[in-house]
S.K.: 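What follows is a single structure, and I will ask about it in a moment.
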Amino acid sequence: MPELPEVERARALIESRALGRTVASVEDADTWVCRPHAPGEIASAIEGATLVSAHRRGKAMWVELEGGPPLGLHLGMTGRIAVDEDGTGGQWDRFKIHFEDGGSLALRDKRRLGRVVLDPDLSRLGPDAAEVGRAEFRDRVGRGSIALKARIMDQSTISGVGNLLADEALWRAGLSPLREAGSLSEAELDELRRAIRAATRRAIRRGGVHTGDLIPHRERGGTCPSCGTPLERATVGGRTTFWCPRDQPG
DNA sequence: ACCTATGTTGATAC
DNA sequence: GGTATCAACATAGG
C-alpha cells in the first residue's frame with residue numbers, strides 16, 4: 001500500500017522502535033532488492049553501526065547511522081517495515097538487520113519491488129508533496145501538456161503521491177485527471193496543493209491512503225460519494241483512474 | 001486454466 | 001527535454 005502516508009508510518013515506526021540500537025549482523029543476500037550491491041556489501045558497511053535518525057522525502061526513506069553510511073529503504077509496491085517481528089511471515093523478508101540486543105528490523109515485501117541501498121541518491125526527487133510551498137508547487141506542477149494526474153504522480157515533480165492519493169486529491173480539488181497540467185489557473189493549482197496536503201495529512205492520521213473518501217468507490221460500478229454520479233474509469237498516466245465527471249469536469 | 005489486475009520505479013523509444 | 005509505454009517482481013481474483 002505504500003504511498004506517502006504508509007511510508008511516514010514506517011518512518012515513525014523506525015524512529016520510535018529502532019533508534020539507538022546497534023547492528024550486529026545483516027541479511028542482504030537478495031541481489032534484486034539490494035541492487036547494485038553484492039551480497040555482504042551492505043552488511044560490512046553497517047555492521048557495528050548505530051541507528052541515529054530516520055528520514056523521509058515522498059516515498060523515499062533513509063536511516064542515518066553513526067559509524068556507517070546512510071541506508072536507503074524503499075517499500076516499493078508491497079513492502080513494509082517489520083521491527084522485532086521474528087515470529088511469522090519471515091519468508092517475505094528481503095533484507096534484515098539483527099541488532100545486538102537480539103531484535104531485528106526487516107523489509108518484508110512479497111513482490112520484491114522494494115529497495116535497499118547504501119547512500120541513496122535523492123537528487124532526482126522533487127520536494128515532498130506535503131511540504132512543498134505554494135510558489136514552487138505552481139512552478140513545478142502547472143506546466144506541460146502531460147495529463148494532470150501523471151504530473152502529480154511524477155516523483156521528480158513532487159514526491160509522495162501515488163495512484164490512490166492522486167485520485168483522492170483530484171476528487172477533493174474538483175479537477176479532472178485528464179486536464180493538461182499546463183492549463184490550470186493559479187487558483188486551481190493552489191486548490192490542488194491544498195487538497196493534496198489535506199488528503200495526505202488525513203491519510204497519515206487515519207492509517208493509510210485506503211481511508212480516503214473516494215477510495216472505497218474506486219471499482220467498476222462505483223459512484224461519487226458526494227453526488228452519486230457513476231464514476232468514470234480510464235487509464236491515465238499508465239494507471240487505472242476513477243473520477244466523477246460531474247464534480248471533476250474536463 | 002488463463003487472463004487481468006495491482007499501491008512502485010526505471011529504462012527505453014518517439 | 002517532455003511524454004508515453006513497457007518491463008521488473010509476485011500474487012490475487014474473475
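Chain letters run A, B, ... following the sequence lines, proteins first and then strands; every chain starts at 1.
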S.K.: Pick one: which of A:K110, A:R108, A:R80 meets salt bridge (Lys or Arg N to Asp or Glu O under 4.0 Å) with A:D93?
M.R.: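 Checked A:K110, A:R108, A:R80 against A:D93; only one passes salt bridge (Lys or Arg N to Asp or Glu O under 4.0 Å): A:R108.
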S.K.: How close or far is atom C1' of B:dT8 from atom CG of A:L75, stated in whole angstroms?
M.R.: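 Those two atoms, CG and C1', are 10 Å apart.
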S.K.: Can you measure A:E219 atom CD to B:dA5 atom P for me and round it to whole angstrom units?
M.R.: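 Checked: the CD to P distance equals 15 Å.
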S.K.: Start with the C-alpha gap between A:K149 and A:T241, add the side-chain angles, then the distance that decides, and say whether side chain to side chain donor-acceptor pair (under 3.5 Å) holds.
M.R.: CA-CA 9 Å; A:K149 180 178 178 183; A:T241 301; 2.7 Å; yes
S.K.: What contact category does A:R220 fall into here, base, sugar-phosphate, or nothing, at under 4.0 angstrom with non-hydrogen atoms?
M.R.: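 Nothing: the residue A:R220, judged by heavy atoms under 4.0 Å, touches no strand.
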S.K.: For A:W32 and A:W92, take the nucleotide of DNA chain C holding the closest heavy atom to each; which residue's nucleotide lies nearer the 5' end?
M.R.: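 Its nearest nucleotide being more 5', the pick is A:W32.
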S.K.: Begin with the C-alpha distance, continue with both residues' side-chain angles, and end with the deciding distance and a verdict on side-chain contact (heavy atoms from CB on, under 4.5 Å) for A:L65 and A:T50.
M.R.: CA-CA 5 Å; A:L65 300 101; A:T50 300; over 6 Å; no
S.K.: For A:R111 and C:dA8, give me the distance from atom CZ to atom P, rounded to whole Å.
M.R.: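 One finds 12 Å between P of C:dA8 and CZ of A:R111, rounded.
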S.K.: Which one, C:dA10, C:dA4, B:dG7, comes nearest to the side chain of A:I146?
M.R.: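 Minimum distance to the A:I146 side chain belongs to C:dA4.
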S.K.: Where is the tightest heavy-atom contact between A:P225 and A:H217, given as atom of each residue plus distance?
M.R.: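 It is CB-NE2, 3.5 Å.
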S.K.: side-chain contact (heavy atoms from CB on, under 4.5 Å) between A:D109 and A:F95: does it pass, once the steps are laid out?
M.R.: CA-CA 9 Å; A:D109 180 12; A:F95 173 86; over 6 Å; no
S.K.: Taking only the C1' atom of each, what is the distance from C:dT3 to B:dG7 in whole angstrom?
M.R.: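 The same atom, C1', in both gives a distance of 23 Å.
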S.K.: Can you tell me if the side-chain N/O atoms of A:R112 get under 4.0 Å from OP1 or OP2 in C:dA10?
M.R.: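 True: A:R112 side-chain N/O within range (under 4.0 Å) of C:dA10 OP1/OP2.
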S.K.: Hey, does A:G162 reach any base, or is it just sugar-phosphate, or nothing, if we go heavy atoms under 4.0 Å?
M.R.: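 Sugar-phosphate only.
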S.K.: How many Å lie between CD on A:Q91 and P on C:dT11, as a whole number?
M.R.: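 Taking atom P of C:dT11 as the reference, CD of A:Q91 is at 10 Å.
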S.K.: What I want to find out is whether A:D30 reaches A:K96 closely enough, with some N-O distance under 4.0 Å, to be called a salt bridge.
M.R.: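 Salt bridge: no.
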S.K.: Does the A:Q248 side chain pair with the main chain of A:L170, one donor and one acceptor, at a distance under 3.5 Å?
M.R.: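 Yes, because the side chain of A:Q248 sits within donor-acceptor range (under 3.5 Å) of the backbone of A:L170.
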S.K.: How does DNA chain C look in dot-bracket notation if pairs are Watson-Crick or G-U with both distances under 3.5 Å, crossing ones as [ ], other-strand ones as |?
M.R.: .|||||||.|||||
S.K.: Would you mind building the protein contact string for nucleotides 9-14 of chain B? One character per nucleotide, 5' to 3', B for base within reach (heavy atoms under 4.0 Å), S for sugar-phosphate only, - for untouched.
M.R.: S-----
S.K.: Under 4.0 Å between a Lys/Arg side-chain N and an Asp/Glu carboxylate O for A:R56 and A:D128?
M.R.: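 So A:R56 pairs with A:D128 through a salt bridge.
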S.K.: I'd like to know if the side chain of A:E27 reaches the main chain of A:I97, judged simply by a donor and an acceptor atom lying under 3.5 Å from each other, with no hydrogens or angles considered.
M.R.: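 Between the backbone of A:I97 and the side chain of A:E27 there is no qualifying donor-acceptor contact (under 3.5 Å).
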S.K.: Can you give me the closest heavy-atom contact between A:A199 and A:E168, atom names plus distance?
M.R.: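 In terms of heavy atoms, the two residues are closest at CB-CG, 4.1 Å.
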S.K.: Can you tell me how far P of B:dG7 sits from NZ of A:K110, to the nearest Å?
M.R.: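 Spelled out: NZ on A:K110 to P on B:dG7 is 16 Å.
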S.K.: Distance check, P atoms only: C:dC9 and B:dA1, in whole angstrom units.
M.R.: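 Rounded to whole Å, the distance is 22 Å.
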S.K.: At less than 4.0 Å, is any side-chain N or O atom of A:T78 found next to OP1 or OP2 of C:dA10? Yes or no.
M.R.: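 No, A:T78 has no side-chain N/O under 4.0 Å of OP1/OP2 on C:dA10.
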S.K.: Quick one: A:M77 CE to C:dA10 P, roughly how many Å, whole number?
M.R.: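 These atoms are roughly 14 Å apart.
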S.K.: Without decimals, in angstroms, what is the distance between A:R108 CZ and C:dT11 C1'?
M.R.: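 From A:R108 CZ to C:dT11 C1': 17 Å.
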S.K.: Grab the CG-P distance between A:D109 and C:dA8 for me, whole Å please.
M.R.: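 Going from CG in A:D109 over to P in C:dA8 covers 17 Å.
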